[in-house]
Amino acid sequence: MMFDSFVIPFVAGLALLLGILGWSFIRWIVMLPAEDKKKLVNGFFSYHTFTAIKEIVSESLLHRKIFRTNPLLGYMHMSLAFGWFLLIVVGNIMAEAYSDLPVAPPYLAIFFRFFAPGEPHFFFSTGFAIIMDVLLLFVLSGVLLAYLKRARSTLFGLKKTTRLKKYDRFALASLWLIFPLRFIAESLTSGVHHNGSFFTGTAGHLFAMLLPVELLEYPAWWAYSITLGIFFVSLPFSRFMHIPTEVLLIALRHYGIKTGKQYTSFSDVEVHSCSRCGICIDKCQLNGNLHIPDTQAVYFIRSVRQNKTEEKVLFNCLMCGRCSENCPVGIDAPAIRLAQRALQAPNQSTAYEYLKAQPHKKADVLFFAGCMTHLTPTIKKGMVKILQAANINFLFMDEDISACCGRPLVLAGQYEAAKKLFDHNKEIIYSSEAKTLITTCPICYKIFKEDYQLDIEVLHHTEYILRLMEQNKLVLEKKNIRFSYHDPCELGRGSGIYYEPRIILDTIGTLVNNTEEGSDSLCCGGSIANTQLTMKQRDTIRDNTLKQLTGHNPDMLITACPLCKKTFGKATDTHIADIAEIVSRSITTNIHKKNTLTAIPEISG
Ligand code: SF4
Ligand code: SF4
Ligand code: SF4
């Protein structure tokens, strides 16, 4: 019988791991909200399962996204994950080809050299030996890089890396030992039995000349098995839980499930999928500009997993989305943070009960300025001038009296109170019978678009201005001005609007590229989502961002958010304007002129 007592640590560890994984996965799925469960059932029997498998291969095994941003780091992850996966797959095929049993025991593939020590002849045996040696070498190259990364993360272009917790240390130490020990055990057996291929065979030959291989062979297999067992047992409690959980995360995401306003078991899946790769640390301006060490997505997610989220971490975030945009696992850390804020929010049942909606006049288009636009009246005037010039039948929804759109409350986690404002504003919107709602504030835009569930179209003013230009209802004059454009977080990463403002600006002037723009753009520092930063800290973020935006001496700095304009306006000599202002100043009265719109401009970020 193919059995030896040294396989027990491996088998016991594997059984425990599978038990914990099975329990966790079932619990997460059972605890999904009813709506998400429906999505899961519908999605499972659809093509989404195939697209999920495709992503699991490209991201969980090949680590394509990490590869694209950091090839060395990508190779390290790929060689460990894909290499190990192939060792298991090819090892099992080889074990089945060798074994006389109907199904080979699960440990045979792992300890094959021990159980087939001589020169076994079976189908493709020499080929298998070569392939297994190539794969082992491939994985070992990843292990070597992992050692290097821990010792000198700067070699990998990472300024900062995460600290290890107790279980992480166990898991990492065992992971680092698994493959060197496999190499040693296989080589020692090769040294005794004169088999193995170019790698373990050659090493075995050398070992046999230098070491008492007969004596060392058996303890080496024990050490390999114990190390595997330790890794399996510590995996569910360590960062390495991300390896199996990411597979579930990708599948659920393909079925349309995401973290919404409430923290659900899907959020828990996201939290357990964080590999603590640390990519989000360098991307966060709270680290880069302010050296705040504990609030970035990776630390916040870890605190959620450990049930130790403190207010100073929870509310110290700009909600800029630079972390989620760059996360190779696609974890929506800002959404998880909002859901966690909602858990700590005060009772909101009686909030805003005094609000009474006034019936509004009828119009085709509603313009909602929002508080920040009211605080920057030149934007408001610019937008009104644009609407008048284009002859739009519009109504200025919050010209005199208004209620907030509710986004600041949502950012504070007070979703129930925000819903009262939604209802109030909805009554006004529907009473106007307008078909389109436009807003000059990306913060308002996001909430109207995503949370109000309006059955009329919601447009940011950049989208609407471009539409008017395409219809030649608004004809603009080209000027000899060089613009630098700042993508507001809520408009770019938050709502995916990058091209509309650029096409408009390229029509009326010349747009210059910035080093970090588009999905890579920097936050202005004015975020209303952060309650922990001092004014001085905000100023530091602002100054760093301004330096980048004005480094090439543009004639004007343009943004598309009243809050960004207000934040930058105080600290630069460069003339700064909202896109509504510069457009309103470029309107031509020449009725024979038509717009010449440029092709979609390039974004270098
Ligand atoms: S949140 Fe994403 S980027 Fe940050 S450490 Fe986790 S996996 Fe890496
Ligand atoms: S959303 Fe922005 S500020 Fe918040 S953790 Fe992510 S990168 Fe940092
Ligand atoms: S998001 Fe800000 S600017 Fe927009 S309405 Fe609400 S408070 Fe005012």
Side-chain angles (χ1 to χ4, degrees), residues 59-60 63 65-70 73-74 76-77 81 149 153 156-165 168 238-243 245-246 249-250 253 259 267 269-305 309 312-341 411 446 487-490 492-494 516 519-533 537-538 540-542 544-545:
E59 298 309 331
S60 299
H63 291 87
K65 277 192 205 141
I66 306 187
F67 226 109
R68 280 213 302 236
T69 47
N70 188 330
L73 199 61
M76 184 195 92
H77 282 279
K149 179 178 167 261
S153 59
F156 288 73
L158 296 169
K159 291 192 200 113
K160 219 171 156 194
T161 184
T162 49
R163 288 232 178 94
L164 298 170
K165 293 280 168 188
D168 293 338
S238 72
R239 61 174 62 185
F240 296 102
M241 182 63 177
H242 81 90
I243 301 169
T245 315
E246 191 186 342
L249 172 77
I250 292 173
R253 215 165 33 207
T259 292
S267 322
V269 172
E270 285 197 287
V271 164
H272 283 78
S273 298
C274 172
S275 63
R276 302 197 193 147
C277 65
I279 288 177
C280 54
I281 304 176
D282 286 347
K283 288 290 172 187
C284 179
Q285 287 167 266
L286 299 184
N287 171 49
N289 297 163
L290 303 176
H291 310 293
I292 295 175
D294 57 0
T295 195
Q296 288 71 32
V298 60
Y299 302 121
F300 162 68
I301 286 171
R302 190 175 66 193
S303 74
V304 174
R305 189 170 162 187
T309 315
K312 79 175 174 58
V313 168
L314 189 55
F315 287 87
N316 201 357
C317 172
L318 302 161
M319 294 284 171
C320 66
R322 279 172 61 83
C323 49
S324 46
E325 187 71 32
N326 289 284
C327 172
V329 185
I331 296 170
D332 193 349
I336 298 171
R337 205 183 284 258
L338 277 190
Q340 281 286 321
R341 287 182 182 184
L411 290 172
K446 195 167 164 63
D487 290 276
C489 303
E490 295 268 31
R493 281 183 297 273
E516 285 177 287
S519 60
D520 231 10
S521 84
L522 298 170
C523 175
C524 68
S527 168
I528 54 170
N530 192 311
T531 58
Q532 304 293 305
L533 291 178
Q537 287 175 314
R538 286 183 184 275
T540 307
I541 297 176
R542 176 201 64 198
N544 275 294
T545 304

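Each ligand, and each atom within it, is numbered from 1 in the order the structure gives. Scope of the values below: all heavy atoms of this structure, side chains included, with no hydrogens, waters or symmetry mates.
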### Query
Which ligand 2 atoms are under 4.0 Å away from a heavy-atom of Arg337?
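Per the distance check, 5 (S).
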
### Query
What are the atoms of ligand 2, with element, lying closer than 4.0 Å to any heavy atom of Cys320?
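In order of numbering, the contacting atoms are 1 (S), 2 (Fe), 3 (S), 7 (S).
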
### Task
Take every heavy atom of Gly330, measure it against each atom of ligand 1, and state whether any distance is under 4.0 Å.
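Checking ligand 1 against Gly330, which is what was asked, there is no heavy-atom contact under 4.0 Å.
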
Heavy-atom pair with the smallest gap, counting every atom of [X] and [Y]:
| X | Y | answer |
| --- | --- | --- |
| Leu249 | Glu270 | CD1-CG, 3.5 Å |
| Ala333 | Ser324 | N-CB, 4.2 Å |
| Cys280 | Val298 | SG-N, 3.5 Å |

### Message
So, 4.0 Å and heavy atoms of Gly321: is ligand 2 close enough to count as a contact?
### Response
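Gly321: in contact with ligand 2 (<4.0 Å).
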
### Query
Looking at Asn530, Thr531, Thr295, which hits side-chain hydrogen bond (donor to acceptor under 3.5 Å, both in side chains) with Asn316?
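When Asn530, Thr531, Thr295 are each tested with Asn316, the side-chain hydrogen bond (donor to acceptor under 3.5 Å, both in side chains) holds only for Asn530.
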
### Query
Does the shortest distance from atom 6 (Fe) of ligand 2 to an N/O/S atom of Cys323 fall below 2.8 Å?
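Here the distance criterion (N, O or S atom, under 2.8 Å) is met by Cys323, so yes.
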
I need the atoms of ligand 1 closer than 4.0 Å to a non-hydrogen atom of [X], numbered in the order shown.
| X | answer |
| --- | --- |
| Pro328 | 3 (S) |
| Gly278 | 5 (S), 8 (Fe) |
| Val298 | 5 (S) |
| Val329 | 7 (S) |

Would you find a donor on one side and an acceptor on the other, under 3.5 Å apart, between the side chain of [X] and the backbone of [Y]?
| X | Y | value |
| --- | --- | --- |
| Arg322 | Asp520 | yes |
| Arg493 | Ser521 | yes |
| Thr545 | Cys523 | yes |
| Ser527 | Leu318 | yes |

Nearest-neighbour protein heavy atom for [atom], which is reported as residue plus atom name and distance:
| atom | result |
| --- | --- |
| atom 2 (Fe) of ligand 1 | Cys327 SG, 2.4 Å |
| atom 3 (S) of ligand 2 | Leu318 N, 3.2 Å |
| atom 8 (Fe) of ligand 1 | Cys277 SG, 2.3 Å |
| atom 4 (Fe) of ligand 2 | Cys317 SG, 2.3 Å |
| atom 6 (Fe) of ligand 1 | Cys274 SG, 2.4 Å |

### Query
Any idea which of Ala333, Ser324, Ser275 brings a heavy atom closest to atom 7 (S) of ligand 1?
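Minimum heavy-atom distance to atom 7 (S) of ligand 1 goes to Ser275.
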
#### Entry: Audit row: Arg337, Met319, side chain to side chain contact (heavy atoms under 4.5 Å, CB included) steps and yes/no
CA-CA 9 Å; Arg337 205 183 284 258; Met319 294 284 171; 3.7 Å; yes

### Task
Using a cut-off of strictly less than 2.8 Å, determine whether Cys280 has an N/O/S atom near atom 8 (Fe) of ligand 2.
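Looking at Cys280, which is the residue asked about, there is no N, O or S atom under 2.8 Å from atom 8 (Fe) of ligand 2.
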
#### Entry: Ile66 side chain reached by Met76 side chain, heavy atoms, under 4.5 Å
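No, side chains not in contact.
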
